[in-house]
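Accompanying notes for the structure given below.
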Amino acid sequence: MNIEACPKIELHLHLEGAAPPHFIRQIAAEKHEDIGGILAANGDYKFSDFRHFLKVYEAATSVLTSPDDFYRLTREVLQHSASQGVIYTEVFLSPDFCGGCDVTAWQEYLAAIEQAAAQSEPEFGIVAKGIVTCIRHFGPDQARKAARCAAETAGDFIVGFGMGGDELQGKQGDFAYGFDMAREAQLHLTTHAGEWGGAESVRQAVFDLKVERIGHGVQVIDDPALIEELVARQITLEVCPGSNVALGVYPTLDAHPVNDLRSAGVKTTISTDDPPFFHTTLGQEYRQLADTFGWTSKDFIALNKTAAEAAFCSAETRQSLLERLEKT
Ligand code: HPA
Ligand code: ZN
């Protein structure tokens, strides 16, 4: 199978986390900023564990200070995704990194991101939608501000609200106010859960935040009753195997539960999370899954159909994605 050419749908990609180090280095150089501390001698991002990763991520993001920086980043990221065969992507966008969760500033940054996405659609052949994301370790009050930004800009492009950041800080339910606000604005909901916080964090995401999808979710493998609950509720997991291995959630792909979760009937999709940080691409993820678990083109088409069904887009966009996948 030609994995590069296979049309792909990606549901879990952090915009800033998809910034290649050369891009961040270029922007920093233009602003005469020193970011040497976050880069290894070979130019890659340098971090030792998840908390350190979050710090390096925020340091890299701190060089992006204007709507134009985000315009350039969005073009770069969508061009790269399209080169991997991605035809539809949902990108996590953080108002915290775009003017500090101020609604007016957020609208300016978002206009630049949307313009880049609109230009990329015909040019690179990729449709992009945005999921506004709050950052868990910034706390519930800040998350509420991010939810307000989301609610104020909900529409054709901003289709969802979610939460990333340090899953070991607080409980999912501490953020219910922001998620309720987003739901009332007709936004779809997802949250990072069960990457670091165990199956209990997934349980809280389902029952306390009432999300439709879960970012990662892989640690649900330790709770068979909750697996049944996910299957019954048709909750979709945004699984990012390369991210989990790079950050040490699992030592190897062999030890990763993605194949068992699929076999248990959990709706499963595949994404890259923060690909340059984890030295991965979506094509590489597919190739490694094929090599490790024997997944074939039939499996990848099924995974992408699951992703199309779980996408936060309009019914028309979903239909056109499903038709495109039918043709492969
Ligand atoms: N986990 C949690 N939060 C994040 C991540 C991640 O992998 N990437 C960016 N924010
Ligand atoms: Zn993530």
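Remember, it's 1-based here, ligands and their atoms both numbered in the order they're listed. Just so you know, residue 1 is the first one in the sequence shown, and it goes up from there.
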Check: Any Lys/Arg nitrogen of Arg213 or Glu238 sitting under 4.0 Å from an Asp/Glu carboxylate oxygen of the other?
Finding: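 Yes, Arg213 and Glu238 are salt-bridged.
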
Notebook entry, point to check: Is it the side chain (CB and beyond), the backbone, both or neither of Glu167 that lies under 4.0 Å from ligand 1, heavy atoms counted?
Noted result: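 The answer is neither; Glu167 stays 4.0 Å or more away.
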
Item checked: Side chain, backbone, both or neither: the part of Phe92 lying under 4.0 Å from ligand 1 by heavy atom -> neither

Next item on the list: Indicate yes or no for a side-chain donor-acceptor contact from Gln172 to the backbone of Ala205 under 3.5 Å, with no hydrogens or angles considered.
Entry: no

Tell me the protein heavy atom at minimum distance from [atom], and give that distance in Å.
| atom | value |
| --- | --- |
| atom 7 (O) of ligand 1 | Asp273 OD2, 2.7 Å |
| atom 8 (N) of ligand 1 | Asp274 OD2, 2.8 Å |
| atom 10 (N) of ligand 1 | His14 CE1, 3.4 Å |

Item checked: side chain to side chain donor-acceptor pair (under 3.5 Å) partner of Tyr71, chosen from Glu114, Gln119, Glu76, Gln115 -> Gln119

Next item on the list: May I have the step-by-step check of ring pair (Phe, Tyr, Trp, His ring centres under 6.0 Å) for Phe97 and His14, ending in yes or no?
Entry: CA-CA 12 Å; Phe97 300 139; His14 299 261; 9.8 Å; no

Next item on the list: May I ask you to list the atoms of ligand 1 that are less than 4.0 angstrom from any heavy atom of Phe53?
Entry: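 What qualifies from ligand 1 is 5 (C), 8 (N).
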
Item checked: Where ligand 1 meets Gly164 - atom numbers and elements under 4.0 angstrom, heavy-atom basis -> 3 (N)

Checklist line | Passing candidate, side chain to side chain contact (heavy atoms under 4.5 Å, CB included) with His216, options Val249, Asn244, Val202 | finding: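 Testing His216 for a side chain to side chain contact (heavy atoms under 4.5 Å, CB included) against Val249, Asn244, Val202 leaves exactly one candidate, Asn244.
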
Checklist line | Shortest non-hydrogen contact between Tyr88 and Leu11, atoms and distance | finding: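 Taking every non-hydrogen atom into account, CE2-CD2, 4.2 Å.
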
Margin query: Just to check, does Gly165 reach to within less than 4.0 Å of ligand 1 when the distance is taken from its heavy atoms?
Written below: yes

Margin query: Against ligand 1, does Trp196 come closer than 4.0 Å with any heavy atom?
Written below: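 Per 4.0 Å heavy-atom rule, Trp196 does not contact ligand 1.
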
Notebook entry, point to check: Any N/O of Glu195 closer than 3.5 Å to an N/O of ligand 1?
Noted result: yes

Note to self: Please report, to 10°, the angle around the Zn ion (ligand 2) from atom NE2 (His12) across to atom NE2 (His192).
What the structure shows: 90°

Item checked: Geometry at the Zn ion (ligand 2) - His14 NE2 versus Asp273 OD1 angle, rounded to 10 degrees -> 90°

Item checked: Atom CZ of Arg324 with >12 non-hydrogen neighbours under 6.0 angstrom ->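 Atom CZ in Arg324 is not packed in, count stays at 12 or less.
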
Checklist line | More than 12 heavy atoms of other groups within 6.0 Å of Tyr177 OH | finding: no

